[in-house]
Amino acid sequence: MAVIDTFGLPNTKGRRPLIVAQIVDALGTGLFLPFAVVYFHAAKGIPLTTVGLMLSTGALLSLPAGPLGGRLIDRIGPRRVLVSANLIRVLTFTAYVFTDTPWQLVVLVTATMWGDSLFRPSVFALVAQVADDGHRARWYAMDRSLRNAGIGAGGLIGSTFVGWGGTSGYTAVVVLNAVSFLLAAGLVATWRRGGPRGPPPGAGAPAEAAREAEPRAGYREVLADRPFLAVLATTWVFALCDLALTLLLSAYVIEGRGLPEWQPGMLFAINTVMVVLGQTALAKAVEKYRRPAVLQTAAVLWMASFVVIAAVPGDHASLAFCGLVLGMIVFTVAELLQAPTTSALIVGMAAGHLRGRYLGMEELMWSLAKVLAPTVFTGLLAFGAALPWLMLCAFCLVAVVLLQRLNRVLPAHVQRETADA
């Protein structure tokens, strides 16, 4: 237990099948994620512009999934929603193999994105049920670390299949991804947590007496929570910051600054290693601090990283790479501080019978960011290489101001999780 606590890991006794399911899910996601665009182009013969339109359409049509998933989580429980999300993706990835018609693929992509948007809030809600008191942020940190490791390993395995088998390799990757989601669904569905603490996570809804004692509530009550609306605004800002890594960095380095094509891959590797090795330890280190203050620190660090990245020269590749490495290190520390803290803050603000809806609104903010970010980032990049980073700095400054107000208005048990929370 001392070693576990040193590395900031939560107590996993009785919950290991859930962790294995997350690892399996992440491995499968990593198999397909790096090849999502290329798969539809190379294996299905669809033009890249059409692929981009397909993915954007799917993202738009899946916007309602987060709020709907939140309502389902509150009504039938997070485990059932989590299993359903995985089964949806089993069906869609299996169906990918048997069609190459664009409109059918749009339907499947949309369904896949619905599964993704149901998956994330249900995982966070399930973790909130099973985590020991005071250790939710550690669980969210461990989840991120495991997912990054699994996605990285899955990406390497997927690269091997694609390099070895060409089009057949792409098909193998898709099939294995479907199998991974099926295995993850089975592990979660059959898991029974023992022990005296709390109701089993498989319980679909509260007991009838408890349900009658709870007030009827819905998204109207959630949206009436003004401090939570401020948290949602910062969540959207932080989602844009996070998406800059995958949607902006490579284009900025290669197109915006004309730097060597190998540099983005090295920067991604630095980020992945830091997340895998440092996420849980850093989450433990900041447990004693107020969550809004931790998020303010993350926002300031992100601003610093964006300034450094925006300032790298395009005519000195070595000097630019040193600046980019420094910027990526600071960026990743901000990411490590923000991700588990935001999730723990939102869960701490939510009443138990509304937890799914709160998490569903968080998912909606991420979905909106994913819809807007590609267009906004590329549009600004076309006008000036530094403009997207400066825009993100301005948004982070707004987040700092909002979080300063939350420092004053949020109750103590929400700001800092304790064993009694």
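From a predicted model like this one, the values you see are computed outputs, not experimental measurements.
Under the 30°/60° scheme for interplanar angles, the aromatic rings of Tyr96 and Phe40 are found to stand perpendicular. Ring geometry, Phe228 versus Tyr358: the interplanar angle falls from 30° to 60°, so the pair is classed tilted. Ring planes of Phe331 and Trp302: perpendicular class, angle over 60° (limits at 30 and 60°). Relative ring orientation between Phe306 and Trp389 is described as tilted, the plane-to-plane angle lying within the 30° to 60° band.
Under the 3.5 Å distance criterion, the side-chain polar atoms of Thr110 are matched with a main-chain donor or acceptor of Val106. Thr92 places a side-chain N or O within donor-acceptor distance of the main-chain N or O of Arg89, the cut-off being under 3.5 Å. Put simply, the side chain of Gln338 never gets that close to the backbone of Leu295: no donor and acceptor are under 3.5 Å apart. Using modelled atom types, one side-chain atom of Ser122 and one backbone atom of Phe119 make a donor-acceptor pair closer than 3.5 Å. With hydrogens and angles disregarded, no donor-acceptor distance shorter than 3.5 Å links the side chain of Arg257 to the backbone of Ala320. Here the side chain of Tyr170 pairs no donor or acceptor atom with the backbone of Ala42 at under 3.5 angstrom. With hydrogens and angles ignored, the 3.5 Å screen pairs a side-chain donor or acceptor of Lys44 with a backbone N or O of Thr99. At distances below 3.5 Å, not a single donor-acceptor pair connects side-chain atoms of Arg357 with backbone N or O atoms of Ile73. Between the side chain of Ser117 and the backbone N or O of Trp114, no donor-acceptor pair lies under 3.5 Å.
Leu403 has its side chain out of reach of Val231: every pair of non-hydrogen atoms, C-beta onward, lies at least 4.5 Å apart. You'll find the side chain of Trp366 stays beyond 4.5 Å of the side chain of Arg120, heavy atoms only. In this structure the side chain of Leu245 reaches within 4.5 angstrom of the side chain of Met328, judged on heavy atoms. The shortest distance between side-chain heavy atoms of Phe238 and Met365 does not fall below 4.5 Å. Side chains of Asp225 and Val222 form no contact here, defined as non-hydrogen atoms less than 4.5 Å apart. With contacts defined as side-chain heavy-atom distances shorter than 4.5 Å, the pair Leu183/Val179 qualifies. A 4.5 Å side-chain heavy-atom check between Leu105 and Ile46 finds at least one atom pair inside the cut-off. The shortest side-chain heavy-atom distance between Leu410 and Pro292 falls under the 4.5 Å cut-off.
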*Check step by step if side-chain contact (heavy atoms from CB on, under 4.5 Å) holds for Phe161 and Val175.*
CA-CA 12 Å; Phe161 276 103; Val175 171; over 6 Å; no
_Asn271 vs Glu335, test: side-chain hydrogen bond (donor to acceptor under 3.5 Å, both in side chains). Steps then yes/no._
CA-CA 9 Å; Asn271 175 265; Glu335 187 182 15; 2.8 Å; yes
*asked:* Quick one, Val173 with Asn177, criterion side-chain contact (heavy atoms from CB on, under 4.5 Å). Give me CA distance, side-chain angles, the key distance, then yes/no.
replied: CA-CA 6 Å; Val173 164; Asn177 199 15; 5.5 Å; no
_Let's go through Tyr289 and Thr297 carefully: what are the C-alpha distance in whole Å and the side-chain angles of both, what is the deciding distance for side-chain hydrogen bond (donor to acceptor under 3.5 Å, both in side chains) to 0.1 Å, and is it a yes or a no?_
CA-CA 11 Å; Tyr289 299 104; Thr297 303; over 6 Å; no
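Aromatic rings from Trp262 and Phe321 are positioned such that their centres are separated by under 6.0 Å.
When all heavy atoms of Ala111 and Ile88 are compared, the closest pair comes out as O-CG2, 3.4 Å. Among all heavy-atom pairs drawn from Pro388 and Leu381, the shortest one is CG-N, 3.7 Å. Scanning both residues, Glu362 and Ser343, for their nearest heavy atoms gives OE2-OG, 3.8 Å. Contact detail for Gly115 and Ala85: the closest heavy-atom pair is O-CB, 3.4 Å. The shortest non-hydrogen separation linking Asp25 to Ala184 is CB-CB, 4.2 Å. The shortest heavy-atom contact between Ala59 and Met113 is N-SD, 3.2 Å.
We find the CG-CG distance between Leu60 and Leu55 to be 11.5 Å, quoted to the nearest 0.5 Å. Distance check: Leu223 CG to Leu232 CG gives 8.0 Å after rounding to the nearest 0.5 Å. For the atom pair CG (Leu249) and CZ (Phe377), the distance works out to 11.0 Å, reported to the nearest 0.5 Å. Here Asp242 contributes atom CG and Thr235 contributes atom OG1; the two are 12.0 Å apart, rounded to the nearest 0.5 Å. In this structure, the separation between OG1 on Thr341 and CG on Leu336 is 10.0 Å, given to the nearest 0.5 Å. In this structure, the separation between CG on Leu301 and CG on Leu337 is 6.5 Å, given to the nearest 0.5 Å.
Applying the side chain to side chain contact (heavy atoms under 4.5 Å, CB included) rule to Ala339 yields the partners Arg144; only residues at least two apart in sequence or on another chain are considered.
Under the side chain to side chain contact (heavy atoms under 4.5 Å, CB included) rule, Tyr252 has a single partner from Leu247, Leu259, Ile309, which is Ile309.
Atom CD of Glu255 sits in a sparse spot, with 12 or fewer heavy atoms from other residues, nucleotides or ligands closer than 6.0 Å.
Salt-bridge formation is detected for the pair Arg138/Glu287: a Lys NZ or Arg NE/NH1/NH2 atom is positioned less than 4.0 Å from an Asp or Glu carboxylate oxygen.
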